[in-house]
Amino acid sequence: QVQLVESGGGLVQAGGSLRLSCAASGSIRSINAMAWYRQAPGKQRELVAAITTGGNTNYADSVKGRFTISRDNAKNTVYLQMNSLKPEDTAVYYCYADLRVYYSDYSYAYWGPGTQVTVSS
């Protein structure tokens, strides 16, 4: 069994900051890419930021320069530092990991349950 658990969401005023964390646990052999997605009401889920095992990153244009993704491979944890938050950043944020478990030769996508981020104007 594998679990991804997010933390750090909440309510913040525009211009403020939040830091999201996501820890993966269970029978994990290795983790490839990790990422954060978000889904606002009435909208499709979209990629916010992603990071490879080696630390290569990519970001949605809407968050470049404001958000920073990082990971701690020893802790199987990914972070999302969100600065200069805007009301349009309001969404449920989901952690994603492409990982391999001990009893499989293949990697699969796993998702966390999501954490709410609300930015007030």
Side-chain angles (χ1 to χ4, degrees):
Q1 285 282 45
V2 172
Q3 276 192 318
L4 272 62
V5 179
E6 302 106 336
S7 62
L11 173 65
V12 64
Q13 288 188 331
S17 298
L18 284 174
R19 188 186 193 218
L20 305 182
S21 300
C22 172
S25 63
S27 301
I28 299 170
R29 177 189 294 181
S30 61
I31 302 179
N32 301 318
M34 301 186 81
W36 289 95
Y37 285 73
R38 68 186 180 187
Q39 187 166 19
K43 295 188 176 181
Q44 289 190 329
R45 189 173 298 191
E46 63 174 356
L47 175 68
V48 176
I51 185 167
T52 66
T53 304
N56 293 318
T57 59
N58 69 284
Y59 296 90
D61 287 343
S62 59
V63 306
K64 282 180 181 177
R66 300 187 298 121
F67 291 10
T68 302
I69 189 170
S70 61
R71 64 190 283 176
D72 184 332
N73 292 328
K75 296 181 178 180
N76 291 337
T77 300
V78 63
Y79 306 95
L80 186 68
Q81 178 66 44
M82 305 185 293
N83 298 328
S84 303
L85 282 160
K86 304 175 181 180
E88 50 263 43
D89 294 318
T90 295
V92 178
Y93 283 69
Y94 296 93
C95 175
Y96 163 93
D98 176 56
L99 63 85
R100 181 178 300 179
V101 296
Y102 282 111
Y103 46 86
S104 174
D105 291 331
Y106 303 97
S107 64
Y108 295 94
Y110 289 82
W111 294 88
T115 185
Q116 177 71 45
V117 171
T118 303
V119 184
S120 63
S121 57

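We number each residue from 1, following the sequence as shown.
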Checklist line | Val101 and Tyr110: CA distance, side-chain angles, deciding distance, side chain to side chain contact (heavy atoms under 4.5 Å, CB included) verdict | finding: CA-CA 11 Å; Val101 296; Tyr110 289 82; 3.9 Å; yes
Check: Who else is in the cluster with Trp111 when I, L, V, M, F, W and Y are joined by side-chain contacts under 4.5 Å?
Finding: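 Besides Trp111, the hydrophobic cluster comprises Tyr37, Leu47, Val92, Tyr94, Tyr96, listed by chain and residue number.
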Next item on the list: Name all pairs fulfilling the side-chain hydrogen bond (donor to acceptor under 3.5 Å, both in side chains) condition that reach into residues 3-31, sequence neighbours left out, sorted by first residue then second.
Entry: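 Every pair satisfying side-chain hydrogen bond (donor to acceptor under 3.5 Å, both in side chains) with a residue in residues 3-31: Ser17-Asn83.
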For the atom pair [atom1] ([X]) and [atom2] ([Y]), what is the distance rounded to the nearest 0.5 Å?
X	Y	atom1	atom2	result
Asp98	Ile31	CG	CD1	9.5 Å
Gln39	Glu46	CD	CD	9.5 Å
Tyr108	Arg100	OH	CZ	10.0 Å
Asn32	Leu99	CG	CG	8.0 Å
Ser120	Leu85	OG	CG	10.0 Å
Met34	Leu4	CE	CG	6.0 Å

Next item on the list: For residues Lys75 and Thr77, report the shortest heavy-atom separation together with the two atoms involved.
Entry: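 Looking at all heavy atoms of both residues, the closest pair is O-OG1, 2.9 Å.
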Next item on the list: Indicate the atoms forming the closest heavy-atom contact of Ala14 with Ser121, along with that distance.
Entry: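 Of all heavy-atom pairs spanning Ala14 and Ser121, the closest is CB-CA, 4.4 Å.
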Check: Just one of Leu20, Thr68, Ile69 clears the side-chain contact (heavy atoms from CB on, under 4.5 Å) bar with Met82, so which one?
Finding: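 Passing option: Leu20.
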Check: Quick check: does any side chain N or O of Asp89 sit under 3.5 Å from a backbone N or O of Val117, one acting as donor and the other as acceptor?
Finding: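 Not at all, since once roles are kept as given, no pair shorter than 3.5 Å links the two residues.
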Margin query: Is it the case that the side chain of Thr118 and the backbone of Thr90 share a donor-acceptor pair, with hydrogens and angles ignored and the cut-off at 3.5 Å?
Written below: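 Not a single qualifying donor-acceptor pair exists.
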Item checked: Hydrophobic cluster membership, Tyr59 vs Tyr79, 4.5 Å side-chain cutoff ->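 No; Tyr79 is not reachable from Tyr59 via cluster members.
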Item checked: Lys64 bridged to Asp61 by N-O distance under 4.0 Å ->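 Yes, charged N to carboxylate O under 4.0 Å.
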